[in-house]
Amino acid sequence: MDPIANPYAPGAGAPPPELAGRDALIEQVRIATARIRAGRQAKSVLLVGLRGVGKTVLLDRMRQDAEAAGMETIRIEAPEGRSLPAMLAPQLRLALLRLSRRDKAKDLASRGLRALAGFAKSLKLKYADLEVGIDLDPEPGLADNGDLESDLLALLEAAARAAQADGTALVLFVDELQYVPEEQLASLVTALHRCAQQQVPVVLVGAGLPSLPGQMGRAKSYAERLFAFPFIGPLDATAARDAIEVPAAALGVRFEPAATEAILQATEGYPYFLQEWGKHAWDVAKGSPITVADVERAAREAVAALDESFFRVRFDRLTLAEKRYLRAMAALGPGPHRSGDIADTLGRKVTAMGPIRAQLIDKGMVWSPNHGDTAFTVPMFDAYLRRILPGEDWREG
């Protein structure tokens, strides 16, 4: 069939043609942001889940909805090695500049820009990656103490008050939140908590790996009362069928029921994998309906594409010791696995493996669902590791 018309969209953060099965989460965030805008209490929302479940897609959809409703939003992604101030400051500057062009918010937005100037000046030495254009001179005593916790509170309050003057709220959308260092997370949690106490209209909608709730709890013990942590898993059977069949049907193409079921079984309902299988099934099919035989031929292409991009990009970031640790996990199955079992598979003591496990957690490759357990953050990574590291040679070294 025509590859140009192919409706499926595998890719990092690429919106699928049919965002199936997530309506309740979208509505949860819509209600939370609307309540904050109306001066009522609501918890910030942090989406947690494995790689490939569509957190980034959801975050972007939620931001689009918030902007359509008239919210003032900023959107950042937290990569490894960047500080929270360096990521927040430029985006807050843009939000404040937008607000400064609106009559009702102009004066308070100007004060927010002065707060940002003080914030950047006072924290530049501590966070060397902090670079932001300064539009106004600082206001002495405003967000310039050099303490991230107090300065971030003052900055967020100033920005949100400007949004409030314009009849709206400030919504922070932050992806990959697990990469923010815990001491900086603590400052963000404290600032949001105090803003909530003062009924300042600012709310966080974030996304991260399943380790995120634990990180937030370690950063501040009251985080569990300040945030909602909806867990995003694979799609249920009905939503997964819709993700495959609805985009094709819109173009007059249908799947044989058995073909759809074969895709659901192969992908386990993970949205990213559904898009990959849908794309390749479309490309190999000669016409409608798409058959089981088409899906079986497409599977080879889909697995190869995932190996080359989705899996390999993560594998290539690992040290040899980390690869061996993960391969030992893969030898035990999809997991989760006890740390002792992984160490036994490697013929090592648990204590010797602790630093490697910690490095893998920091890199977002594994997480601990329970004390002493280790699980992959990437679905089906165990099968990938067995494909590229077959036999027993991986045990050497």
Side-chain angles (χ1 to χ4, degrees), residues 12 46-53 55-56 77-82 175-185 206-219 229 231-233 270 272-273 306-390 392-397:
L46 302 182
L47 313 174
V48 297
L50 302 178
R51 302 290 187 189
V53 296
K55 301 185 297 297
T56 299
E77 180 176 331
E80 296 175 80
R82 291 288 308 279
D175 201 4
E176 302 286 8
L177 198 55
Q178 75 278 349
Y179 288 134
V180 176
E182 283 186 14
E183 69 275 8
Q184 296 174 35
L185 274 180
L209 295 175
S211 57
L212 183 58
Q215 291 174 261
M216 300 295 283
R218 288 190 299 272
F229 294 97
F231 187 85
I232 304 174
Y270 286 101
Y272 187 96
F273 298 165
L306 287 168
D307 284 358
E308 184 63 26
S309 57
F310 186 78
F311 293 127
R312 184 175 178 177
V313 70
R314 293 167 172 84
F315 181 81
D316 286 348
R317 299 173 58 238
L318 304 173
T319 66
L320 178 59
E322 291 165 351
K323 291 174 182 177
R324 293 183 65 238
Y325 189 96
L326 293 181
R327 182 59 179 84
M329 288 178 61
L332 296 169
H337 303 296
R338 301 295 296 171
S339 296
D341 293 337
I342 300 168
D344 289 344
T345 302
L346 289 165
R348 303 285 298 276
K349 293 182 178 180
V350 174
T351 52
M353 295 290 96
I356 297 174
R357 180 176 182 268
Q359 291 165 11
L360 288 166
I361 291 174
D362 287 343
K363 288 184 176 182
M365 294 302 302
V366 301
W367 68 293
S368 180
N370 297 293
H371 180 70
D373 284 346
T374 307
F376 292 104
T377 61
V378 183
M380 304 186 194
F381 203 61
D382 60 311
Y384 167 73
L385 291 167
R386 291 192 295 270
R387 283 196 296 275
I388 63 165
L389 297 173
E392 297 294 322
D393 290 347
W394 59 271
R395 296 179 185 274
E396 300 174 2

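What's counted below: heavy atoms across the whole structure, side chains too, no hydrogens, waters or symmetry copies.
Rounded to the nearest 0.5 angstrom, Thr319 OG1 and Arg324 CZ are separated by 10.5 Å. With rounding to the nearest 0.5 Å, the separation of CG in Leu212 from CG in Leu177 is 5.0 Å. Atom-to-atom distance recorded for Lys323:NZ and Leu389:CG is 8.0 Å, nearest 0.5 angstrom.
Not counting sequence neighbours, Glu183 has no partner by the salt bridge (charged side-chain N to carboxylate O under 4.0 Å, His left out) test. Residues satisfying the side-chain contact (heavy atoms from CB on, under 4.5 Å) criterion with Ala383, sequence neighbours excluded, are Arg386, Arg387. With sequence neighbours left out, Thr345 forms a side-chain hydrogen bond (donor to acceptor under 3.5 Å, both in side chains) with no residue at all. In terms of the ring pair (Phe, Tyr, Trp, His ring centres under 6.0 Å) criterion, residue partners of Phe311 (sequence neighbours excluded) are, by chain and number, Phe381, Tyr384. Take Arg312 and apply the side-chain hydrogen bond (donor to acceptor under 3.5 Å, both in side chains) test, not counting sequence neighbours, and it matches Glu308, Asp316. With sequence neighbours excluded, no residue satisfies side-chain hydrogen bond (donor to acceptor under 3.5 Å, both in side chains) with Arg314. In this structure Glu80 satisfies the salt bridge (charged side-chain N to carboxylate O under 4.0 Å, His left out) test together with Arg317, sequence neighbours excluded. Applying the side-chain contact (heavy atoms from CB on, under 4.5 Å) criterion to Leu360, with sequence neighbours excluded, gives Leu318, Glu322, Tyr325, Leu326, Ile356, Met365, Val366. For Ser211, the side-chain contact (heavy atoms from CB on, under 4.5 Å) criterion is met by Gln178, Leu209, Gln215, Trp367, not counting sequence neighbours. Checked against salt bridge (charged side-chain N to carboxylate O under 4.0 Å, His left out), Arg82 has the following partners two or more places apart in sequence or in another chain: Asp129. The side-chain contact (heavy atoms from CB on, under 4.5 Å) check on Pro334 picks up Asp382, with sequence neighbours excluded.
Counting only distance, with no hydrogens or angles, the side chain of Arg218 and the backbone of Glu182 share no donor-acceptor pair below 3.5 Å. Using a distance-only test at 3.5 Å, with no hydrogens or angles considered, a donor-acceptor pair links the side chain of Thr377 to the main chain of Gly364.
Closest approach of Ile232 to Lys55, counting heavy atoms only: CD1-CG, 4.1 Å. Considering all non-hydrogen atoms of both residues, Phe273 and Pro379 come closest at CZ-O, 3.6 Å. For the residue pair Met216 and Leu46, the shortest heavy atom distance occurs at CE-CD1, 3.7 Å. Contact record, Val48 with Pro210: CB-CA, 4.4 Å, taken as the closest heavy-atom pair. Here the closest heavy-atom approach between residue Val180 and residue Ala78 is recorded as CG2-CB, 3.8 Å. Considering every non-hydrogen atom in both Phe376 and Gly333, the closest pair reads CE1-O, 4.1 Å.
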With side-chain contact (heavy atoms from CB on, under 4.5 Å) as the test, would you mind laying out the steps for Phe315 and Leu385 before giving the verdict?
CA-CA 9 Å; Phe315 181 81; Leu385 291 167; 3.7 Å; yes
I would like to know whether Ile342 and Met353 meet side-chain contact (heavy atoms from CB on, under 4.5 Å); could you show each step before the answer?
CA-CA 9 Å; Ile342 300 168; Met353 295 290 96; 5.9 Å; no
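Put simply, the side chain of Leu47 does not reach to within 4.5 Å of the side chain of Val53, judged on heavy atoms. Pro79 has its side chain out of reach of Tyr179: every pair of non-hydrogen atoms, C-beta onward, lies at least 4.5 Å apart. Using a 4.5 Å heavy-atom threshold, the side chains of Asn370 and Pro336 count as separate.
Salt bridge Glu176/Arg51: present, at least one basic N to carboxylate O contact under 4.0 Å.
Among residues at least two apart or in separate chains, salt bridge (Lys or Arg N to Asp or Glu O under 4.0 Å) pairs with a member in residues 338-348 are Arg338-Asp373.
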